[in-house]
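Please read these numbers as outputs of a predicted model, since none were measured by experiment.
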Amino acid sequence: RYLDALSRSRWTIAAIVVLMTGVVVGASLLLPDTYRSTTRLVFEQSTAPFGETDEATTLRRLTTTETLLTSQQVLDAAAEEVPGVEDGDELAGNVTSSVEDDANIINISGSDEDPRTAAQIANAVAAAFLSERERVDRERLANARSQLEQEILALEGAPNAGVQIGAIRERISELAVGEASVGADL
């Protein structure tokens, strides 16, 4: 019975298949090609003696990094490096970021109708992010050093302050090592 119904409707079914195929082919020919380029950042575990390396901390840092990659400040800086792009708002729809589930890898994807521009977008966002992150980390370390130096000045002349000043100077040395390795984890 079903075979008879299919047999009677074979021309209608064939016409629908041909029509739908034509619509899909036509639509794919009319839509512009979009190219996607991906840049990867590898997040290295901190080897600093005071750096946290547990799984939750690493995941939190990766998620924070993924969010910051598409922040307005990073996109505005990246836009300056991509020809024909005025500001970060233009890039926002062409940039995505993701974190790989089983690895400490952050993917930054740029898309455009031109493959070179797609690559420029992904690379510019990665470079802008790394530059901004390095600037913020150096600023944070400089502020910490300044606060410790203020503590030393406040302690000078105080009785029995030698041990505290020694400990503060040791911490300043640790900050100098941290400052030298800023950005080394990505």
Asker: What pair of heavy atoms forms the shortest contact from Arg36 to Ser111, and how long is it?
Answerer: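 That would be NH1-CB, 3.3 Å.
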Asker: Do any N or O atoms from the side chain of Thr64 and from the backbone of Arg60 form a donor-acceptor pair under 3.5 angstrom?
Answerer: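 A pair under 3.5 Å: yes.
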Asker: Side chains of Arg169 and Leu148: closer than 4.5 Å at any heavy-atom pair?
Answerer: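 They are not in contact (no side-chain heavy atoms under 4.5 Å apart), so the answer is no.
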Asker: Measure the spacing between CD1 of Ile108 and OG1 of Thr70 and express it to the nearest 0.5 Å.
Answerer: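 Taking CD1 in Ile108 and OG1 in Thr70, the distance rounds to 10.0 Å.
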Asker: Who are the side-chain contact (heavy atoms from CB on, under 4.5 Å) partners of Ala161, not counting sequence neighbours?
Answerer: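 Here the qualifying residues are Leu155, Ala158, Ile165.
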Asker: Using only atom types and a distance under 3.5 Å, with no angle test, would you say the side chain of Asp87 pairs donor to acceptor with the backbone of Glu90?
Answerer: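 It does hold such a pair.
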Asker: Quick check: are there more than 12 heavy atoms from other residues, nucleotides or ligands sitting under 6.0 Å from CD of Glu149?
Answerer: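 Yes.
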Asker: Where do Ala128 and Ala77 come nearest, in terms of heavy atoms and distance?
Answerer: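 That would be CB-CB, 3.8 Å.
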Asker: Taking the side chain as every heavy atom from C-beta outward, state whether Leu62 and Glu66 have any atom pair closer than 4.5 Å.
Answerer: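 Side-chain contact under 4.5 Å: no.
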Asker: Any side-chain heavy-atom pair from Leu75 and Val125 closer than 4.5 angstrom?
Answerer: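 With C-beta onward as the side chain, the pair touches.
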Asker: Has Thr67 got a side-chain atom pairing as donor or acceptor with Thr63's backbone, closer than 3.5 angstrom?
Answerer: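 Pair found, side chain donor or acceptor close to backbone of Thr63.
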Asker: In Å and rounded to the nearest 0.5 Å, what is the CZ to OG1 distance from Phe129 to Thr39?
Answerer: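 If we round to the nearest 0.5 Å, Phe129:CZ and Thr39:OG1 are 13.0 Å apart.
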Asker: Answer yes or no: is there a donor N or O on one side and an acceptor on the other, between the side chain of Ser109 and the main chain of Thr96, under 3.5 Å?
Answerer: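 It does not hold such a pair.
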Asker: Are any non-hydrogen side-chain atoms of Val74 and Leu68 less than 4.5 angstrom apart?
Answerer: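 No, every pair of side-chain atoms sits at 4.5 Å or beyond.
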Asker: Hey, what do you get for CD1 (Ile121) to CG (Asp112), rounding to the nearest 0.5 Å?
Answerer: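 Going from the CD1 atom of Ile121 to the CG atom of Asp112 covers 5.0 Å.
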Asker: List the steps and the verdict of side-chain contact (heavy atoms from CB on, under 4.5 Å) for Leu130 and Leu41.
Answerer: CA-CA 10 Å; Leu130 291 173; Leu41 298 177; 4.0 Å; yes
Asker: Which residues pass the side-chain contact (heavy atoms from CB on, under 4.5 Å) test with Asn107, sequence neighbours left out?
Answerer: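 For Asn107 the side-chain contact (heavy atoms from CB on, under 4.5 Å) partners, ignoring immediate neighbours, are Thr38, Arg40, Ser98, Glu100, Ile105.
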Asker: Identify all side-chain donor-acceptor contacts of residues 17-30 below 3.5 Å with residues at least two apart in sequence or on another chain.
Answerer:
unit_1 : atom_1 : unit_2 : atom_2 : d
Thr21  : OG1    : Val17  : O      : 2.7
Ser28  : OG     : Val24  : O      : 3.3
Ser28  : OG     : Val25  : O      : 2.9

Asker: So do the side chains of Ile152 and Ile172 get within less than 4.5 Å of each other, counting heavy atoms only?
Answerer: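 Touching, per the 4.5 Å side-chain cut-off.
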Asker: Using the side chain to side chain donor-acceptor pair (under 3.5 Å) criterion, which residues pair with Glu139? Sequence neighbours excluded.
Answerer: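 Side chain to side chain donor-acceptor pair (under 3.5 Å) check on Glu139 returns Arg135.
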Asker: If you round to the nearest 0.5 Å, how far is OG of Ser173 from CD1 of Ile168?
Answerer: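 Nearest 0.5 Å value for the CD1-OG distance: 12.0 Å.
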Asker: With sequence neighbours excluded, tell me which residues meet side chain to side chain donor-acceptor pair (under 3.5 Å) with Ser37.
Answerer: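 Checked Ser37 against side chain to side chain donor-acceptor pair (under 3.5 Å); zero matches.
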Asker: Cut-off 3.5 Å, no hydrogens considered: what does the side-chain donor-acceptor table look like for residues 113-120, sequence neighbours left out?
Answerer:
unit_1 : atom_1 : unit_2 : atom_2 : d
Asp114 : OD2    : Thr117 : N      : 3.1
Asp114 : OD2    : Thr117 : OG1    : 2.9

